[in-house]
Amino acid sequence: MLDSKLLRENPKKVMSALKNRQFDTSLIDKVAVIDKKWREAVFKAETLKKQRNENSKEVGKLKKEGKAADDLLEKTRLIGDEIKKIEEDLGAIEVELNQILFQIPNIPFSSVPVGKDESSNKEIRKWGNIPSFSFKPKAHDEIGVALGILNFKEAVKLSGARFVVYHKLGAALERALISFMIDVHTKENGYEEVLAPVLVKAHSLLGTGQLPKFEEDLFKCSDDFYLIPTAEVSVTNLHRDEIIDYKKLPIKYCSYSPCFRREAGSYGKDTKGIIRQHQFNKVELVKFTDPAKSYDELESLTKNAEMILQKLNLPYRVVELCTGDLGFSSARTYDIEVWFPSEGRYREISSCSNFEDFQARRAGIKFKKDAGSKPEYVHTLNGSGLAVGRTFAAILENCQREDGAVLIPQILKPYLGIDAISAVY
RNA sequence: GGAGGAGUACCCAAGUGGCUCAAGGGGACGGUUUGCUAAACCGUUAGUGGCUUUGCCAGCGAGAGUUCGAAUCUCUCCUCCUCCGCCA
């Protein structure tokens, strides 16, 4: 959510920034009108309340003195009725205003490249050598099925399309990757591990920006629960409606969770393999920072995520998203893309974003510099560190051998105790 | 799921319709005293949100209601505790 004061005082700036996101700026004009109505109603209600408080005190005094207070009583009753009416209006105005405010995306950071879609994204850096094969590299799902470590038919039996069952060393590899990632982030990068609920209430999703606009991407359960699409939701909301001690910033969390996405808009896209699933595992990095330092923290967060790929020796590149490709809540985003030999291209494996105070304002997350100062909103950041299923797939593809075996990155040896997954083990 | 009980500020807690625009204590912070520490004494301590900001309005788990006036009365909900049932 944007600051309504900013909208009030500098609507032109907001509009020009949001135009780059293909956003319909007529909503901004509407906000101004409703906001004015709201402030007038607030002032009126408060003036009347002041009058009522004074009158009530007077009534009490008169009654104690045994004097009649009927006139004043009646007059004050009418004031009460009026207050009630104004407050009803006020409630409706607030709903209307919030409905719009919740629909407005974040303002892109000043240096974000302007562009319509992903074709304007900017490559920042590349790492690693793209492997060359003396044979035609196979797709990860083909490799996994052949090795007996991935089974899609069983998954269809259980849950339908876009699910997978891991077997034997496949299940072990998935588990090993989760542990490995968490170990790196906790032991080397200074993150605190968190394991949080994957079922959350709507207000948590409102806090991070998935609701109200993106309900169709979510699985909704009964009893007002939603399955989280990312651990970002649970972990960011850990500090909802809190004022954090400045000395505790930055707070850095690392959290494994399964993630659940309906993939409503992607029928027919990535139907093969484990790239796009309704349920997948992810290790997420979340930071709460001093606004003055959040862009430095975005750089280090991105490098923390990259470190995983480096240790696994998987080639990747880092791309900055342009204004048109930026997520709803984000002010600046780096995507990390890993190389997929079977497709001959890089594919997203992590998305690292600075949300500035957009989520913090929605979720009420503040900090106080010292005892006397006024609370300010923190900046929140997060990024995948990494998407586990896609890392699994990337290992299968990049580390495959002609005989169908897959060499396991050496760094995983302590977790798996093997050098390769082959058809006969 | 059933039956009870509770929720007041950083913590404990008083408060059953107007002398409470929330008492008292602890803690914390500041000061006096002191060679230093402790003790004692004095003082400060409701954080926050909003507005047309010397001020005003809101706020006692949340929301609604009754009333001229609600921490206090009524209703709904949430959370926690105890017991029973069920369960990994």
Side-chain angles (χ1 to χ4, degrees), chain A residues 1-10 31-102 195-207 221-226 234 237-249 258 288 291 357-378:
Chain A
M1 186 155 50
L2 299 181
D3 186 358
S4 56
K5 278 210 177 88
L6 179 70
L7 282 166
R8 189 183 298 160
E9 283 155 19
N10 211 338
V31 168
V33 175
I34 301 168
D35 182 65
K36 189 162 174 256
K37 240 174 30 182
W38 177 79
R39 277 185 300 155
E40 279 165 6
V42 165
F43 181 72
K44 219 158 119 192
E46 287 188 357
T47 310
L48 290 170
K49 275 183 189 171
K50 188 184 174 191
Q51 188 65 52
R52 181 177 68 179
N53 290 347
E54 282 167 5
N55 288 5
S56 295
K57 217 172 258 179
E58 185 65 20
V59 169
K61 219 168 94 188
L62 288 173
K63 286 210 167 171
K64 208 162 53 183
E65 291 166 0
K67 292 181 187 159
D70 293 356
D71 281 0
L72 194 57
L73 222 108
E74 175 62 12
K75 218 168 96 189
T76 311
R77 201 177 57 73
L78 292 175
I79 293 177
D81 290 346
E82 206 176 335
I83 291 173
K84 207 165 148 187
K85 223 168 66 199
I86 294 172
E87 286 196 327
E88 271 168 27
D89 290 347
L90 204 53
I93 294 170
E94 266 164 24
V95 168
E96 199 184 351
L97 190 61
N98 277 331
Q99 252 167 15
I100 297 178
L101 287 177
F102 279 130
L195 193 61
V198 299
L199 282 173
V200 299
K201 300 278 188 186
H203 52 70
S204 294
L205 291 149
L206 202 75
C221 309
S222 51
D223 298 315
D224 288 327
F225 285 119
Y226 290 84
S234 316
N237 279 285
L238 291 178
H239 294 292
R240 184 152 48 81
D241 292 324
E242 276 185 19
I243 297 171
I244 300 167
D245 185 354
Y246 181 69
K247 291 194 287 279
K248 292 198 175 136
L249 299 179
F288 301 81
D357 62 5
F358 189 86
Q359 294 181 326
R361 179 170 289 109
R362 287 173 163 239
I365 309 169
K366 302 184 172 184
F367 74 98
K368 224 158 62 159
K369 214 144 202 165
D370 37 52
S373 56
K374 209 181 156 211
E376 297 171 57
Y377 290 109
V378 298

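Every chain is numbered from 1 and lettered A, B, ... according to where its sequence line falls, protein lines coming before strand lines.
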4.5 Å side-chain heavy-atom contact, A:Tyr246 and A:Lys368
no
Quick check, does A:Phe43 stack with B:U52? I mean ring centres under 5.5 Å and planes off by under 30°.
yes
Rounded distance in Å between the C1' positions of B:U79 and B:C29:
32 Å
Between B:U8 and B:A70, how far is it from one C1' atom to the other, in whole Å?
14 Å
Whole-Å distance, A:His203 NE2 to B:C78 P, equals 12 Å
Taking side chain to side chain donor-acceptor pair (under 3.5 Å) as the test, write out the residues that go with A:Glu9, two or more places apart.
none
Output the single nucleotide from B:G69, B:C51, B:G49 whose closest atom is nearest the side chain of A:Arg52.
B:G69
What is the base-pairing partner of B:G4, counting Watson-Crick and G-U wobble geometry with both distances under 3.5 Å?
B:C81
Does B:C51 have its OP1 or OP2 closer than 4.0 Å to a side-chain nitrogen or oxygen of A:Arg8?
yes
Quote, to the nearest angstrom, the C1' distance that separates B:U67 from B:G85.
44 Å
For a quick check of understanding: with a heavy-atom distance under 4.0 Å over all strands, which category does A:Thr76 fall into, base, sugar-phosphate or nothing?
sugar-phosphate
Grab the CD-P distance between A:Glu87 and B:G63 for me, whole Å please.
12 Å
So does A:Lys201 get a side-chain nitrogen or oxygen closer than 4.0 Å to the phosphate oxygens (OP1/OP2) of B:C78?
no
Atom CG of residue position A:Asp81 - does it have more than 12 heavy atoms of other residues, nucleotides or ligands inside 6.0 Å?
yes
Side-chain N or O of A:Arg39 less than 4.0 angstrom from OP1 or OP2 on B:U52?
yes
If the cut-off is 4.0 Å, is A:Lys368 near the phosphate of B:U48, judged by side-chain N/O to OP1 or OP2?
yes
A side-chain contact here means heavy atoms from C-beta on lying under 4.5 Å apart; do A:Glu46 and A:Lys50 qualify?
no
Across the strands shown, which category fits A:Lys75 at heavy-atom distances under 4.0 angstrom: base, sugar-phosphate, nothing?
nothing
A:Glu9 atom CD is separated from B:U52 atom C1', nearest whole Å, by 14 Å
When both distances are under 3.5 Å in a Watson-Crick or G-U wobble arrangement, the nucleotide paired with B:A9 is none
Separation between the P atoms of B:U37 and B:U32, rounded to whole Å
12 Å
Between B:G7 and B:C60, how far apart are the two C1' atoms, rounded to whole Å?
10 Å
Once you apply a heavy-atom cut-off of 4.0 Å, does A:Lys84 come out as touching a base, just sugar-phosphate, or nothing?
sugar-phosphate
Can you tell me how far P in B:A58 sits from the matching atom in B:A22, rounded to whole Å?
12 Å
Using Watson-Crick geometry (N1-N3 plus N6-O4 or O6-N4) or G-U wobble (N1-O2, O6-N3), each under 3.5 Å, B:G69 is paired with none
Over all strands shown, is A:Lys36 touching base, sugar-phosphate only, or nothing at heavy-atom distances under 4.0 angstrom?
nothing
Are A:Arg39 and A:Asp35 close enough for a salt bridge, meaning some N to O gap below 4.0 Å?
yes
Mind checking whether A:Trp38 and A:Leu90 have side chains closer than 4.5 Å, heavy atoms only?
yes
Rounded to the nearest Å, what distance is computed from the NZ atom of residue A:Lys49 to the P atom of nucleotide B:A58?
5 Å
Using only side-chain N and O atoms of A:Lys50, determine if any of them is under 4.0 Å from OP1 or OP2 of B:C51.
no
Sub-3.5 Å donor-acceptor pair from the side chain of A:Ser234 to the main-chain atoms of A:Pro197, do we have one?
yes
Side-chain N or O of A:Asn53 versus OP1/OP2 of B:A58: is the shortest distance under 4.0 Å?
yes
In whole Å, measure the gap between the P atoms of B:C21 and B:G26 for me.
24 Å
From CD of A:Glu74 across to P of B:U67 the rounded distance in Å is 12 Å
Any strand, both distances under 3.5 Å, Watson-Crick or G-U wobble: B:U74 pairs with B:A64
Pairing partner of B:U16 (Watson-Crick or G-U wobble, both distances under 3.5 Å):
none
